[in-house]
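Every chain is numbered from 1 and lettered A, B, ... according to where its sequence line falls, protein lines coming before strand lines. Since the structure is predicted, the reported quantities are computational estimates derived from the model, not experimental observations.
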Amino acid sequence: MAYWLMKAEPDDVSIDDLAAMPGQTVGWYGVRNYQARNFMRDQMRQGDQVLYYHSGCAVPGVAGIAEVCSGPYPDPTQFDPAHHYYDPKSTPAQPRWQQVDVRLVRKTRFLSLADMRAAPALDGMLVLARGNRLSITPVEPSHWRAVMALLGEPA
DNA sequence: GCCAACGTTGGC
DNA sequence: GCCAACGTTGGC
């Protein structure tokens, strides 16, 4: 069982939006970066634990805990010409972009990016690295435990 | 809205 | 295969 951090824009799917969805589950559509896609396609397993991170907003940070609840399958938005995430180079026969389903485990207290940067236990965490733009990053078990401690969640 | 950082594209 | 130009991300 592995740990991940996944960035969502709260204007799109916030932690509260996720909580309101059927089954509290969302398909992780819209990834258009090969490295992030490869994590979902090749490395994620059902049951992997996820830090649900709000980005592209006034106060970015971890908003909850989720888990991977499907294997990889084609992102449907890549085939829809009307969709923002349409990719004309992708076909249903040879889909380029994959997604997994992610289910809410629980909403937590909010741990801001600033608080994460201020926590020595999180030194070296990939999401904090300079210039990091990856929307999905693996999380070291020690960093996961440190985040749980900062959130006041049982490890 | 700005801009640093990074990924992708495409000419050569 | 190099690398300049361009587009995107994402914090501030």
Practice prompt. To the nearest Å, give me how far apart CG (A:Asn33) and P (C:dG7) are.
Written response: 18 Å

Discussion item. Rounded to whole Å, please give me the gap between CG in A:Asn38 and P in B:dG7.
Written reply: 13 Å

Discussion item. Less than 4.0 angstrom from a charged side-chain N to a carboxylate O is my criterion; do A:Asp75 and A:Arg37 meet it?
Written reply: no

Worksheet entry | Whole-Å distance separating the CG atom of A:Leu126 from the P atom of C:dG10 | 14 Å

Worksheet, complete the sentence: From CD of A:Glu9 across to P of C:dG10 the rounded distance in Å is 7 Å

Worksheet entry | Between A:Tyr73 and A:Gln98: side-chain donor-acceptor atoms closer than 3.5 Å | no

Worksheet entry | Rounded distance (Å) that lies between atom P of C:dG7 and atom OH of A:Tyr34 | 18 Å

Worksheet entry | Charged N-O contact under 4.0 Å between A:Asp87 and A:Arg96 | yes

Item to complete: Ignoring the backbone of A:Ser55, work out which of C:dC12, C:dG10, B:dT8 is nearest its side chain.
Response: C:dG10

Item to complete: Could you state the atom-to-atom distance from CZ of A:Arg32 to P of C:dT9 in whole Å?
Response: 11 Å

Worksheet item: Is any side-chain N or O of A:Tyr53 closer than 4.0 Å to OP1 or OP2 of C:dT9?
Response: no

Fill in: Value in whole Å for how far the C1' atom of C:dG10 lies from CD1 of A:Ile136
16 Å

Discussion item. Does C:dT9 have OP1 or OP2 under 4.0 Å away from a side-chain N or O of A:Lys7?
Written reply: no

Worksheet item: With no angle test and no hydrogens, is the base of C:dT8 tied to the side chain of A:Arg133 by a donor-acceptor pair under 3.5 Å?
Response: yes

Worksheet item: For residues A:Thr108 and A:Glu153, is any side-chain donor paired with an opposing acceptor at under 3.5 Å?
Response: no

Worksheet item: Rounded to whole angstrom units, what separation is found between the CZ atom of A:Arg37 and the P atom of B:dT8?
Response: 10 Å

